[in-house]
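Worksheet for the structure shown next.
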Amino acid sequence: MDRIIEISSVFVDLFNSSAGNQASTDESESPIPAQLQEVTEDYIQKILTACCSQQATSIPGFQSGSVVGSSGLRVNEFKPNLDWFNCTKPLLFNKDLKGKLVLLDFFTYCCVNCLHILPVLHSLQQRFTCEDGLVIIGVHSAKFPNEQQSINVHHAIEKYSIEHCVVNDTDGTMWNDLAVCCWPTLVLIGPNGEPMLVVQGEEFHSQLLPTFIETALQILRQASMISSHSIPEIVPGRTTLQSLASGKQSSVTKQHLLYPGKVFAYTKKLKKRKNNGNETLNSSNLNYRRHGKILIAIADSGHHRVVVCTLQGRVKHVIGGGGIGLFPSITKKGFKDGNFTEALFHSPQGICFQNSHIIFVCDTENHAIRMIDLKEKTVKTVAGNGKKGHDKYGGQMWNSQILNTPWDVVYYKRKARPQYQQQYTPQPYIPNQNYQQLQQSTSVPTPSPVRCLLIAMAGLHQIWALYLDKTSTSTCSSMKSKWCSKGLCTMVAGTGKEENRNNSYNGQRASFAQPSGLCLTKPSSRIVSDPSLYIADSESSSVRRMYLDSMGKYRVLNVAGGSPDPTDLFSYGDIDGGAGANSRLQHPMDVAWNYKRNILYIADSFNHKIKYVTGLSDSHKQNHYNNGGGNTTAGGIPGSTGGSVHTLPLPVKLNEPNGLHFIENPQDGSSLLLIADTNNHSIWVYNFDTYVIKKLQLEFPKILESSPSTVVGTAQIRLNRRTGGQLMLRGRVILGSSSGTDVSQTIEDQPHLNWTLQLPDSTWESKEIKSNTSISAVVGAAADFKYLIRIPKQELEEDKNNENTDNLKSREGNKRWNDKYNQDIENDSDEDSEDESDDEEEIVILRCQTSFCQDNDKCVPVEFDFVVRVRYGDEENTPQAADTYFSYTLPYNKSGKKLLTKASSEIDSLASTSNVDSPIELVNNASTSSHTFNK
């Protein structure tokens, strides 16, 4: 087998050099170039001769004989009693697979490089069917103990939509038989069980494999060595695993969430209270500052969408994926910008808020960063173009820069604060520099302000940045120019080698192993310092810390797990205790920072636990140059930052948690930890104050979003927040003629109307006073509707928060609002991005659904929406009640005797939102008026 691997390696190098080292991931249907055809044919002849195939002599140009050490080489059968997936029974080489080319994909589901092979295998399966002579079998060879369990392999197959056969080789028998040494490795087995090709790694597969397989099938088919028989045992979705084959487990397609990857929360403040410079913190304005609502963004990876909801589970937005509620789509995926119903994602993972209406998403399998605007209800790509790249340095602008499997993202902002600049800034390593020269203080320039996205580029094992503003090169030292332009996307840390290598001088000399989770620290002391970026480095089973110092050196140290040997990626386990290499993790996927207590939480995914690290120092003077060797807290482990690791006791059993986020509830000041329990398809909310954990129960509204093409009337009102109020929603739908004539014409069928009223949440109440369910079958007839809606008051909960306010006041003292500490730490939102909104907007939607049957008995569905946007005010003269009236003419085409289904989109372009003070009538078929008044 070693000889086969050696010959394959020579062929792969020769093929790639002949192909010009093309690394495109697009499958090409164009004819194979003659030069590549000759190289491939020559190799196939030699490899079959080397394996001493019985039919080799029947192929023109083949010689009989054998190569020393490989005479009669045949692959062994799979070990019996293994679990098979997408297959109803084990497959045998000398029976089921005889006469087939069998492509064995040796993979482990935690490996990002193995995931890069899946699109190539999917395209091969579409191009070459079983009857054509190709069978693909994934041989799962686990790296971690958790991956050996077949139920977890089943979850991975569903998560990544693997359709070819997979066998869970728990003992690695086939791995050892074929001398496989790395993930991924592909071995092509001939029609009689002879190894024909061995390819290691993920590069150049998209052209090499189709070319080789097509050429091999042509040659072997001419020699009558390929069989066209089908294999009925290959059935996607079926398995030999007893617990699943018996059908005892429910289908995951009926879950609200399907393998949620990451979760992020943001406090949406309802009011921005301005001060005159002399205002002190008292109970009134403290409560006012604390009031807000939490928005939670969930990367619903299995459904290829993003869900935005409240802390109570009320879903506000669903972006991409298609479908809502219990039956979302698991196949509607792709790469497309547009509005929320048009946009498409592919297995989104990392997610973060910039402010209350801008969300950034790692569209992982599209290799892109997407921006969601909750105000405009649009999705836009800001980096990447949907293709996997190999650039390890970057330097291109926006989506001109090709990315490689971004897995997590955080928004980082640093203001220019020269008064808080550290007196000591780490300098890059200079050879032959003595200790005295190293310790000499140097002048420290004022750091430039920064607004950027920090990205965990799992596919390249690096940390990247996308700069949202122009900044100096001190923050992106990999660039040689003086300035980093707005939109620049570049590497900031990591060599690109898959290692666990720390560096106390320059993060660009450090190495990562599939970074998968990020979180930023928030300084809790009055000494304002640069934050740190904590990194869940999954394949090294460690957590790393990257200091975001103002000079952009970004030194990297170890926090927990991993090995002192940077090339050792197999130091994993489940051991608490001292931080650094004294503790053990198993494939951590995310981290979260408790800024109230300086505690780091870790999603120890394959141990199915949440762990936390205490005793982490905020000091930037720790371990500048000794690489952690003198840190007794960490046991003297090189590259460690101190602390100790503990397991967070939880009353629920997690299953591969992939996401974490810590946030403070503005209503009561409680500390919350959000947990994305991926394989349980759930989001948990753990309260540190009450020690209670609750499942986030998503409540999908009947009408989630109104498409612009269906809105025929819009009104905007303003009501008193403190008192609540009433809204009268009424109007009339008229059946009219598109030509404006023949008003008395009778229609054959009477249109029926189905009304649906969607309120913002369950605290709102409504009473249906009148809503006609049909219109008379006469052009000009009308149907009226009338609803009374009671709107609850939006309490600031001053009485409930008095106790918390007194405690906060006693701790902070009588500080002024213009205190430097409050400006830099408490009010860390974007001034120009409207982080704090003046008021909260709620939306009421009244939808009417009807249909009209044509002469050929085909019924055309028609639906249209009336929308009322409710805003709140705190002034005493703010109205407590409002009255809105809509009038809409439902067009009717006389010649076709049907409703004009595209009329609503034409009307929408002419409609406008009415003002509460001066009602506006909508032109053409729809009109709206609204009045507000005080009681």
Side-chain angles (χ1 to χ4, degrees), residues 109-116 118-119 155-156 158-161 257-265 296-308 319-321 330 333-335 343-353 359-372 379 381-384 386 388 403-411 453-464 466 512-519 533-539 587-592 602-603 605-606 656-661 674-683:
Y109 71 78
C110 71
C111 172
V112 67
N113 307 98
C114 299
L115 300 182
H116 293 163
L118 295 180
H155 283 303
E158 283 195 331
K159 183 189 305 183
Y160 300 118
S161 302
L257 299 175
L258 185 63
Y259 299 108
K262 303 291 184 182
V263 60
F264 201 93
I296 298 176
I298 304 169
D300 190 8
S301 306
H303 291 142
H304 312 288
R305 64 181 184 176
V306 174
V307 177
V308 180
I319 305 102
I330 60 175
K333 57 188 176 182
F335 183 61
L344 295 176
F345 298 87
H346 193 176
S347 300
Q349 291 288 339
I351 192 167
C352 73
F353 281 89
I359 301 175
F360 291 100
V361 182
C362 287
D363 195 2
T364 301
E365 296 201 28
N366 280 327
H367 311 285
I369 304 296
R370 317 287 292 278
M371 183 183 74
I372 299 174
V379 177
T381 302
V382 295
K388 178 169 67 73
L403 307 181
N404 190 328
T405 321
W407 209 277
D408 203 5
V409 60
V410 294
Y411 173 68
L453 300 178
L454 296 174
I455 306 167
M457 203 70 69
L460 296 175
H461 315 291
Q462 294 175 318
I463 304 299
W464 281 49
L466 174 64
F512 300 93
Q514 198 174 314
S516 302
L518 303 176
C519 77
L533 180 72
Y534 284 101
I535 304 163
D537 202 33
S538 59
E539 280 299 292
H587 202 264
M589 287 297 293
D590 207 0
V591 283
I602 305 171
S605 182
F606 284 1
E656 293 192 13
N658 277 207
L660 288 179
H661 187 76
L674 306 180
I675 305 171
D677 193 5
T678 302
N679 284 4
N680 284 329
H681 318 291
S682 304
I683 302 295

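Here the CG atom belonging to Leu533 is positioned 7.0 Å from the SG atom belonging to Cys519, to the nearest 0.5 angstrom. In this structure, NZ in Lys262 is found 9.0 Å from OG in Ser301, a value given to the nearest 0.5 Å. We find the CD1-NE2 distance between Ile296 and His661 to be 9.0 Å, quoted to the nearest 0.5 Å. Taking OG of Ser682 as the reference point, atom CG of Leu257 lies at 7.5 Å (rounded to 0.5 Å). Atom-to-atom distance recorded for Ile372:CD1 and Phe353:CZ is 9.0 Å, nearest 0.5 angstrom. One finds the NZ atom of Lys388 at 12.0 Å from the CD atom of Glu365 (value rounded to the nearest 0.5 Å).
With sequence neighbours excluded, the residues forming a side chain to side chain contact (heavy atoms under 4.5 Å, CB included) with Ser161 are Lys333, listed by chain and number. The salt bridge (charged side-chain N to carboxylate O under 4.0 Å, His left out) check on Glu656 picks up nothing, with sequence neighbours excluded. The side chain to side chain contact (heavy atoms under 4.5 Å, CB included) check on Thr364 picks up Gln349, Cys362, Thr405, Trp407, with sequence neighbours excluded. Every ring pair (Phe, Tyr, Trp, His ring centres under 6.0 Å) that Phe606 has, sequence neighbours left out, goes to Tyr109, Phe144, His587. In this view, Asp300 and Arg305 satisfy the salt bridge (charged side-chain N to carboxylate O under 4.0 Å, His left out) rule, not counting sequence neighbours. Looking at residues two or more places apart in sequence or on another chain, you find a side chain to side chain donor-acceptor pair (under 3.5 Å) between Asp537 and Ser540, Arg544.
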query: Ile602 and Tyr534: side-chain contact (heavy atoms from CB on, under 4.5 Å), yes or no, with the steps?
result: CA-CA 10 Å; Ile602 305 171; Tyr534 284 101; over 6 Å; no
message: Show, in sequence, the C-alpha distance, side-chain angles and deciding distance for Phe264 and Ile359, and conclude whether the side-chain contact (heavy atoms from CB on, under 4.5 Å) test is met.
response: CA-CA 10 Å; Phe264 201 93; Ile359 301 175; over 6 Å; no
- request: Test side-chain contact (heavy atoms from CB on, under 4.5 Å) on Ile675 and Leu660 and set out the steps.
  value: CA-CA 5 Å; Ile675 305 171; Leu660 288 179; 3.7 Å; yes
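The heavy-atom pair separating Pro588 from Ser538 by the smallest distance is O-CB, 3.2 Å. The two atoms that bring Ala458 and Pro515 nearest to each other are CB-O, 3.5 Å, heavy atoms only. Here the closest non-hydrogen pair linking Gln514 and Val112 is OE1-N, 3.0 Å. The two residues Asp408 and Ser516 have their closest heavy-atom pair at CB-O, 3.7 Å. Between Pro260 and Ile298, the shortest heavy-atom contact is CB-CG2, 4.1 Å. Considering all non-hydrogen atoms of both residues, Gly334 and Asn366 come closest at O-ND2, 2.7 Å.
Screening Asn658, Thr678, Asn679 for a side chain to side chain donor-acceptor pair (under 3.5 Å) with Ser605, the sole residue that qualifies is Asn658.
Within the 4.5 Å cutoff, the side chain of Ile683 has no heavy atoms near those of the Asp677 side chain. Considering only heavy atoms from C-beta on, Arg370 comes within 4.5 Å of Phe335 through its side chain. Gln462 places a side-chain heavy atom less than 4.5 Å from the side chain of Trp464. Counting heavy atoms from C-beta outward, His304 and Leu344 have side chains that stay 4.5 Å or more apart. Residues His461 and Asn113 meet the side-chain proximity criterion, which asks for heavy atoms closer than 4.5 Å. At a threshold of 4.5 Å between non-hydrogen side-chain atoms, the residues Asp363 and His346 count as touching. Side-chain contact between Asn404 and His116 is present, with heavy atoms from C-beta onward closer than 4.5 Å. Under the 4.5 Å side-chain criterion, counting only non-hydrogen atoms from C-beta, Leu518 is in contact with Ile463.
A perpendicular orientation is assigned to the rings of Tyr259 and His681, their planes being inclined by more than 60° (bins at 30° and 60°).
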